[in-house]
Structure formats: structure tokens, C-alpha cells
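First the proteins, then the strands, lettered A, B, ... as listed; each starts at 1.
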Amino acid sequence: MAYLWGFRDAVHGAILEQRNMDILANNLANVNTPGFKGDRLIFNDIMTQQVQTDFQQGSLKITNNVLDVAIQGDGFFQVRAKGGVRLTRDGAFVMRPDGKLVNGAGLQVLGAGGAPITLNPNGEQVYIDYKGGIHQGPELVGRLSVVDVKDKSTLEKAGSNLYGGVNGKPLRTVPARDYSISQGSLEMANVKVVNQMVSMISAHRAFESYQKAVLVMQDIDSKAATQVGRVA
Amino acid sequence: MMRSLWTAATGMSAEQLMMDVTSNNLANVNTSGFKKSRADFEDLLYQTMRQPGATQADGNMIPTGVQVGMGVRPVAVQKLFSQGDYQQTGNQLDLAIEGDGFFKVLKGDQEVYTRNGAYKLDNNGVIVDSHGYILQPQFTVPDGTTSLVIDPSGMITALDAQGAQLSQAQMTTYKFANNAGLYALGKNLFIPTPASGDPTEGTPGVGQFGTIAQGYLEMSNVSVVEEMVNMIVAQRAYEANSKAITTSDQMLQLANQMKR
């Protein structure tokens with residue numbers, strides 16, 4: 001089995017393409033998830049593969065719902081989850097009967113200073129300004145905390161549109177500066193279907209090539225065993 | 001088997017839900033007082049295959065790990081209580097609320113809430129909705145009434161042919177802290193839940209309570225154009241996910257062919 005090394009490399013390559021396909025499928029599954037950021041698998045060789053999240057801005061979809069907010073620019077909203085504070089770009093918020101502002105999963109949205117935001121349930125129409133200040137009539141009732149992390153690779157996806165620190169470590173956040181809030185809209189996923197399709201074709205074809213390589217090596221091996229050694 | 005097969009399947013079922021919600025919105029485009037819904041999604045858990053921050057054998061730290069997502073799931077189907085357009089009907093028992101608030105009707109002995117203001121009189125002269133549920137507080141139109149005037153603040157006045165006032169009563173409307181938390185019973189009716197909070201009674205036009213418009217109906221707040229776009233988005237996303245399944249399937253087929 002002279003081609004054992006090449007054989008192993010081809011199989012590794014095929015497995016990597018499968019993993020790539022897993023990531024592409026997850027991106028496509030979340031193409032309508034607000035605030036979702038697409039992932040991509042980067043590999044030079046088998047040892048240096050990594051998944052990178054692309055934090056590019058997603059397009060805004062106007063919903064005209066008062067408590068839908070989107071961030072344009074860099075930054076994340078903060079919500080209080082079971083294991084601590086989590087970050088999210090999904091701004092589909094609702095008000096609980098007691099006035100607490102929560103996200104779709106019921107997690108409390110944090111305001112400046114880290115305290116949960118409480119609105120007045122019997123107050124006037126909510127207006128949210130471009131820096132996240134929440135007004136009800138003339139009254140400023142709270143301010144959405146928008147934070148950023150210097151090194152985005154310290155973020156780990158926690159599911160439910162949330163980001164946490166790597167291994168559950170607390171995140172080092174700084175107040176975001178370069179952002180504006182737009183009320184009545186949601187940020188859509190930044191997954192571009194065309195790119196995913198192209199990547200899918202290339203993953204498929206690469207997989208096919210690895211498969212062909214395996215077949216050829218099987219041929220060579222069988223020839224070596226049955227023909228090379230044959231005496232005239 | 002490949003993870004991507006199942007991941008793409010979650011995507012397809014999510015788009016199916018989006019399509020279900022959209023078609024219900026479209027089916028109710030002419031239902032007065034109807035409020036549209038929206039499906040909200042979130043990503044599922046991530047499987048960590050290489051821990052970011054772990055140290056490699058050569059002492060270097062892995063800057064980004066390998067985390068593979070498992071797809072998508074619906075997190076909420078939210079009712080959106082934005083104002084619908086008004087349709088002038090000229091019917092004196094067609095009422096629309098301009099602004100916040102709900103009418104209360106009695107369904108059997110259950111108090112239910114609605115934005116649909118198409119009322120009628122029953123054989124006893126009581127104001128009821130199309131199902132015969134009595135509008136609360138109950139108002140009985142006295143005999144000899146020729147016209148019924150309801151002003152923006154919800155004052156109902158019954159007048160006879162000479163224009164003399166026969167009886168008068170005040171309507172009340174109800175408000176919830178979180179409309180999105182109401183439970184939809186169908187038939188345009190809602191009941192409160194712990195998420196919506198208890199109803200607050202009020203007089204139309206006072207504070208945050210909307211005023212009453214007599215001779216108008218509130219149309220559904222569904223925008224056909226928006227729903228059409230949602231439908232295209234759902235269909236195309238469904239298609240993209242099905243392509244992911246086809247591709248995964250073909251890769252598996254190739255894998256099977258490796259062994260001859």
C-alpha cells in the first residue's frame with residue numbers, strides 16, 4: 001500500500017468538505033433569522049482549520065413595530081441570560097406586563113449601567129432615538145446599552161441569537177461608539193444566498209475530486225498487486 | 001450521517017412556518033379588526049469541535065475554534081398590533097377604535113377582547129357582535145329609537161324620531177400592557193395571559209385610550225405587498241435549504257461509491 005499517505009490525505013480532505021457543508025447548511029437555515037451572522041470554515045491544512053464569523057452589517061427590514069430596533073454599525077445589545085450577560089444583534093423586543101423590556105425568548109434587555117430596562121406600561125407611545133435613548137412622551141425612561149468588543153474572535157455563538165465569551169468566560173466590552181439605532185426595523189441575517197450556493201458547489205466538487213482520488217489510488221493498488229508482480 | 005442534512009431540514013421547516021403565517025395573514029386581508037402575525041426565528045445550539053482559546057502542542061493559542069451550528073428554530077409567532085386602515089361604512093353600529101384599546105364582549109360567561117367593531121342589535125335591542133356575544137358594558141336600545149349616536153368619547157345616545165334623548169350610556173374600552181402577549185382565540189377574539197397583563201378599563205379618548213369612530217370599521221393591518229415579499233423570501237429560502245439537502249445527499253452518494 002504505497003499510496004497510504006495520499007489515501008489518508010484524500011479522506012481528510014473529504015471530511016473537511018463535509019464539515020464545510022455543515023456550516024453552509026447552518027448559514028442557509030438561518031437566512032431569515034434576525035441579527036444572524038454567517039460563519040465560514042477556513043482551512044489551510046488539517047491542523048489550522050477555524051470557523052470565522054462574518055460580522056458585516058445585515059440589511060434592515062422595516063417592520064414599523066415600535067419595539068423592533070436594529071443597530072447600524074458596530075455594537076451589540078446586552079441581555080441577561082442564565083449564565084450571565086450575553087450580547088445580541090437581534091432587536092425584536094417586547095414589553096412584559098410589568099414594563100420590563102425583554103427579547104423574544106423572555107430575557108431582560110439591559111440598559112446603560114447594566115440594569116434591566118423598565119418602561120411604563122401605561123405610559124405614552126415609545127420613541128427610541130438614534131443613540132438608544134427610550135422616550136415615552138417627554139420622559140426619558142431608559143437607554144439601551146450598546147456595547148462592542150475589541151476583538152470579535154473572543155465571541156462565541158451561544159445559540160438563540162446570543163453571543164457569549166469563549167468557554168463561558170465573561171466578555172470584556174467597551175461602550176460602542178460607531179453606531180446608530182433605528183426604531184421600527186430589524187437587522188436581517190447577513191448571509192448572502194448566492195455566495196453560499198457557490199461555496200456549496202465548490203464543496204461538492206472538491207468532495208467529488210477527493211472521491212476520484214481515492215478511486216484512482218484503489219485502481220493503482222489493485223494494479224500493483226495483480227499486474228506488476230506478474231511473470232510474463 | 002451528515003449534520004448538514006438535518007440542519008437544512010430545520011431551515012426548511014422554519015420557512016414552512018413562515019409560509020403558514022404569511023398565508024394566514026393573506027387569508028385575513030379583508031377581516032376587519034384582524035392583526036397580522038410574524039414568525040421570529042433564532043439559531044440553534046452550536047457544537048464545539050475545536051475549542052477557541054485552547055493551547056496547541058506547539059504552545060500557540062487557537063484564535064478561533066470550530067463551532068458548527070445545528071440550524072434554526074422558531075422562537076415566537078408574534079401578533080403585530082399596528083393600526084389598520086379605516087373603512088367608512090355609514091352603518092351606525094360599525095365602530096372603530098382610533099388608537100389603543102379593545103372592545104370587551106361576553107362569550108358565554110367568558111370576557112373576551114376584540115378590535116372588530118361590527119355590531120348589531122339582537123331581538124331584545126341589545127348591542128351584540130356577529131356571533132351574538134354581548135358588548136360590555138351591556139346597552140339595550142329602548143323602544144322607539146330611530147337613531148343611535150356614539151361620540152368619539154364613547155357616549156352612546158339613543159334618540160327618537162323627534163330627536164329627543166331616550167337613554168344614554170358610557171362605553172368603556174380596555175388596554176393591555178403587552179398586546180403581543182394576548183392569546184388569539186380566533187373569530188378576532190383575544191383573551192389575556194400572564195404575558196399580556198390584566199386589562200385596564202378606560203374611557204375612550206382619555207389618556208392613552210383611543211377614540212371611537214362611528215360608521216367606520218378598522219380594516220385588517222395586513223399589507224399585501226409586504227406579505228408577497230415575505231412569501232418570495234420564504235420560498236427562495238426554502239429552495240436554498242433544499243439545495244443544501246440535495247448537495248449533502250450527493251456527497252453521501254459519492255462517499256458510498258468510494259467502496260467498489
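- B:Ala39 does not touch chain A: none of its heavy atoms, backbone or side chain, sits under 4.5 Å away.
- Your options are B:Ala234, B:Ala240, B:Gly207, B:Ala8, and the one with the most heavy-atom pairs under 4.5 Å with chain A is B:Ala240.
- Side-chain atoms of A:Ser202 and A:Ser199 form no donor-acceptor pair, as typed in the model, at a separation below 3.5 Å.
- Across A:Leu28, A:Asn32, A:Val193, the residue that shares the most heavy-atom pairs under 4.5 angstrom with chain B is A:Asn32.
- With no hydrogens or angles considered, a side-chain donor-acceptor pair links A:Asn27 and A:Gln196 at under 3.5 Å.
- Every salt bridge (charged side-chain N to carboxylate O under 4.0 Å, His left out) that B:Arg38 has, sequence neighbours left out, goes to A:Asp68, B:Asp40.
- Neither the backbone nor the side chain of A:Leu119 comes within contact range of chain B, judged by heavy atoms closer than 4.5 Å.
- Of residues 14-36 of chain B, those residues lying under 4.5 Å from chain A by any heavy-atom pair are B:Glu15, B:Met18.
- Between chain B and the options A:Met95, A:Met200, A:Lys212, A:Lys157, the largest number of non-hydrogen pairs under 4.5 Å is found for A:Lys157.
- Rounding to the nearest 0.5 Å gives a distance of 12.5 Å between CG of A:Leu41 and CD of A:Gln18.
- Aromatic ring pairs are classed by plane angle as parallel below 30°, tilted from 30° to 60° and perpendicular above 60°; the pair B:Tyr86 and B:Tyr216 is perpendicular.
- Ranked by heavy-atom pairs under 4.5 Å with chain A, the first of B:Leu45, B:Leu80, B:Thr247 is B:Thr247.
- Ring centers of A:Phe36 and B:Phe41: at least 6.0 Å apart, outside the cut-off.
- Ranking A:Ala105, A:Ala14, A:Pro97, A:Gly159 against chain B, the residue ahead of the rest is A:Pro97, based on heavy-atom pairs under 4.5 Å.
- Both the backbone and the side chain of A:Leu215 have a heavy atom closer than 4.5 Å to some heavy atom of chain B.
- A donor-acceptor pair shorter than 3.5 Å can be found between the side chains of B:Ser248 and B:Ser4.
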Compile the donor-acceptor pairs under 3.5 Å between side chains in residues 194-203 of chain B and protein atoms, sequence neighbours left out, one pair per line.
residue	atom	partner	partner atom	Å
B:Ser196	OG	B:Thr193	N	3.0
B:Ser196	OG	B:Thr193	O	3.0
B:Glu201	OE1	B:Tyr174	OH	3.2

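- Checked by atom type, the side-chain pair A:Thr53/A:Asp39 shows a donor-acceptor distance below 3.5 Å.
- For chain A, the option among B:Ala9, B:Gly11, B:Gly69 with the highest count of heavy-atom pairs below 4.5 Å is B:Gly69.
- Side chain to side chain, B:Asn188 and B:Thr114 fail the donor-acceptor criterion of an N or O pair below 3.5 Å.
- For the ring-ring contact (aromatic ring centres under 6.0 Å, His included) condition, the pairs that include at least one residue of residues 77-97 of chain A, sequence neighbours left out, are A:Phe77-A:Phe93.
- For A:Ala158, the part lying near chain B is the backbone, with the side chain staying farther off; criterion is any non-hydrogen pair under 4.5 Å.
- Heavy atoms closer than 4.5 Å to chain B are found in the side chain of A:Met197, but not in its backbone.
- The parts of B:Lys243 that come within reach of chain A are both its backbone and its side chain, each placing non-hydrogen atoms under 4.5 angstrom from that chain.
- Neither the backbone nor the side chain of B:Asn221 comes within less than 4.5 Å of any heavy atom of chain A.
- When only modelled atom types and interatomic distance are considered, B:Glu218 and B:Gln83 share a side-chain donor-acceptor pair under 3.5 Å.
- Heavy atoms closer than 4.5 Å to chain A are found in both the backbone and the side chain of B:Leu254.
- Between the side chains of A:Arg40 and A:Gln52, at least one donor N or O sits under 3.5 Å from an acceptor N or O.
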